[in-house]
Amino acid sequence: MMAWLGFFYHPFWAVSTALLAAVVRLQMRNRWNPQACAVRLTGKTAIVTGANTGIGKFIALDFARRGARVILACRSEARGTAALNEIREKTGNLDVHLRLVDLSSMDSVRAFAERILKEEKALHILVNNAGVSDLMKSSSPSRIVSVSSVNHKRGNVDFSHFHGKNLSYGMDQVYNNTKLHNIICTNELARRLKGTDVTANSVHPGIVMTEVMRHYSFWVRWIFNLIGFFFFKSPEAGAVSTIYCAVAEELEGVTGKYVDSDCSLTLPIPLARDAALAVKDFEFCERLTSKL
């Protein structure tokens with residue numbers, strides 16, 4: 001037994017792990033660098049949901065640096081205010097504002113959308129919230145970006161899930177299904193918006209070190225953070241592909257596409273590209289949300 005332990009404690013494993021981590025980090029570098037992109041958003045209005053932490057905060061920070069009027073759509077007033085103050089301080093852009101919304105409540109979403117329609121004259125970029133698309137049409141050219149995940153490849157479509165039936169909570173299955181629906185509905189939204197100069201694309205940000213694990217046990221979070229330190233993206237790096245979809249000049253007019261974590265256009269699974277399924281999925285969601 002001691003011989004085996006000595007084998008695993010050999011410096012070879014530490015060196016190999018470090019080399020593997022370095023290779024993985026090099027491979028995770030995006031081909032598109034937001035700091036090298038000179039696009040300005042002066043005179044543009046952007047909404048970013050979940051903007052108080054993680055990827056969302058860095059997306060909002062980038063938009064603010066480009067001179068946009070940025071609306072942080074957050075559930076927590078305390079955390080949202082902290083993010084608001086940080087973004088204003090770092091960018092010098094005072095045209096950054098907090099609007100509260102609980103995306104788990106349709107009443108809250110509707111109230112948020114109504115307030116935006118009443119207060120804002122235009123909306124040019126929307127990250128994760130398609131509830132005010134009419135305003136985007138009148139502000140075109142505009143872009144909608146839906147944050148999905150490569151995990152959509154392990155998802156499936158079962159409309160009984162929307163009624164809380166036949167759900168499996170093991171191995172992030174609900175999350176995987178949700179990310180698949182993100183892409184399907186975004187593709188259908190893109191089809192419906194053709195001719196309006198409003199684009200809609202979905203994106204995979206990569207495997208990112210965010211606060212998504214905060215509700216797990218200490219040991220699960222410890223293991224996740226240990227592995228993530230070597231192999232996962234930082235929230236700032238994870239925001240890059242979404243920023244690319246929102247501001248990159250080469251994506252002007254591009255719609256109904258899926259962008260990978262390295263800012264490359266790629267194909268999602270065939271199920272996500274099924275046009276007939278997309279129509280059914282979108283209409284089903286419309287009927288369901290209208291009743292909530």
Side-chain angles (χ1 to χ4, degrees), residues 24 27-32 48-50 54-56 59 103 125-130 133 136 142-162 166-168 170-194 196 198-208 210 212 231-233 237-248 250-286 288-289:
V24 171
Q27 290 180 332
M28 288 194 301
R29 289 194 304 180
N30 294 303
R31 68 174 184 82
W32 184 80
V48 181
T49 64
I55 294 173
I59 294 170
L103 296 179
I125 299 174
L126 182 61
V127 176
N128 273 352
N129 181 359
S133 58
M136 298 197 77
S142 310
R143 302 187 189 188
I144 297 171
V145 184
S146 299
V147 179
S148 183
S149 170
V150 70
N151 278 35
H152 80 274
K153 295 180 179 180
R154 296 199 290 270
N156 59 69
V157 175
D158 183 338
F159 290 105
S160 68
H161 291 166
F162 290 102
N166 303 317
L167 288 169
S168 172
M171 300 298 291
D172 295 326
Q173 191 57 50
V174 171
Y175 175 83
N176 301 340
N177 297 343
T178 300
K179 293 307 175 183
L180 175 57
H181 283 289
N182 285 160
I183 299 175
I184 293 173
C185 287
T186 300
N187 289 346
E188 174 59 14
L189 179 62
R191 186 189 70 81
R192 294 183 179 212
L193 289 172
K194 279 188 177 179
T196 65
V198 179
T199 63
N201 296 296
S202 50
V203 61
H204 167 50
I207 304 176
V208 183
T210 67
V212 70
F231 301 110
F232 297 168
K233 285 186 174 185
V240 171
S241 52
T242 303
I243 297 169
Y244 172 73
C245 286
V247 306
E250 58 261 40
L251 281 191
E252 187 69 42
V254 175
T255 191
K257 302 300 182 181
Y258 173 70
V259 177
D260 208 345
S261 58
D262 63 352
C263 301
S264 298
L265 293 177
T266 187
L267 289 176
I269 61 172
L271 193 62
R273 310 195 306 270
D274 187 323
L277 176 63
V279 172
K280 182 178 179 181
D281 197 355
F282 200 96
E283 291 178 347
F284 192 93
C285 291
E286 280 187 318
L288 187 66
T289 54

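Please read these numbers as outputs of a predicted model, since none were measured by experiment. The figures here come from the full heavy-atom set of this structure, side chains too, leaving out hydrogens, waters and symmetry mates.
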Sidechain-backbone polar pair: Asp158 side chain, Ser160 backbone, donor-acceptor under 3.5 Å: yes

Under 3.5 Å donor-acceptor, Ser148 side chain and Lys179 backbone: yes

Quick check for you: to the nearest 0.5 Å, what is the distance between [X] atom [atom1] and [Y] atom [atom2]?
X	Y	atom1	atom2	answer
Ser241	Trp32	OG	CH2	9.5 Å
Ile125	Cys245	CD1	SG	11.0 Å
Leu189	Thr199	CG	OG1	9.5 Å
Asn187	Asp281	CG	CG	10.5 Å
Asp262	Tyr244	CG	OH	9.5 Å
Ile183	Ser146	CD1	OG	9.5 Å

Using every non-hydrogen atom in the two residues, find where [X] and [Y] come nearest and quote the distance to one decimal.
X	Y	answer
Val254	Asn201	O-ND2, 2.9 Å
Thr255	Ala200	OG1-N, 3.0 Å
Arg192	Val279	NH2-O, 4.5 Å
Cys185	Cys285	SG-SG, 4.2 Å
Lys233	Ser261	NZ-O, 3.0 Å
Ala272	Leu180	CB-CD1, 3.8 Å

Plane angle bin for His181 and Phe162 - parallel if under 30°, tilted between 30 and 60°, otherwise perpendicular: perpendicular

Side-chain donor-acceptor contact under 3.5 Å, Thr186 with Ser202: no

With sequence neighbours excluded, what pairs up with [X] under the side-chain contact (heavy atoms from CB on, under 4.5 Å) test?
X	result
Ala278	Ile184, Glu188
Asn177	Asn156, His161, Gln173
Leu265	Leu251, Lys257, Val259
Val147	Val127, Asn128, Val203, Pro205, Thr242

Step-by-step side chain to side chain contact (heavy atoms under 4.5 Å, CB included) determination, Arg191 to Phe282: CA-CA 11 Å; Arg191 186 189 70 81; Phe282 200 96; over 6 Å; no

His152: ring pair (Phe, Tyr, Trp, His ring centres under 6.0 Å) partners, not counting sequence neighbours: Tyr258

Residue pairs involving residues 143-152 (criterion salt bridge (Lys or Arg N to Asp or Glu O under 4.0 Å); sequence neighbours excluded): Arg143-Glu252

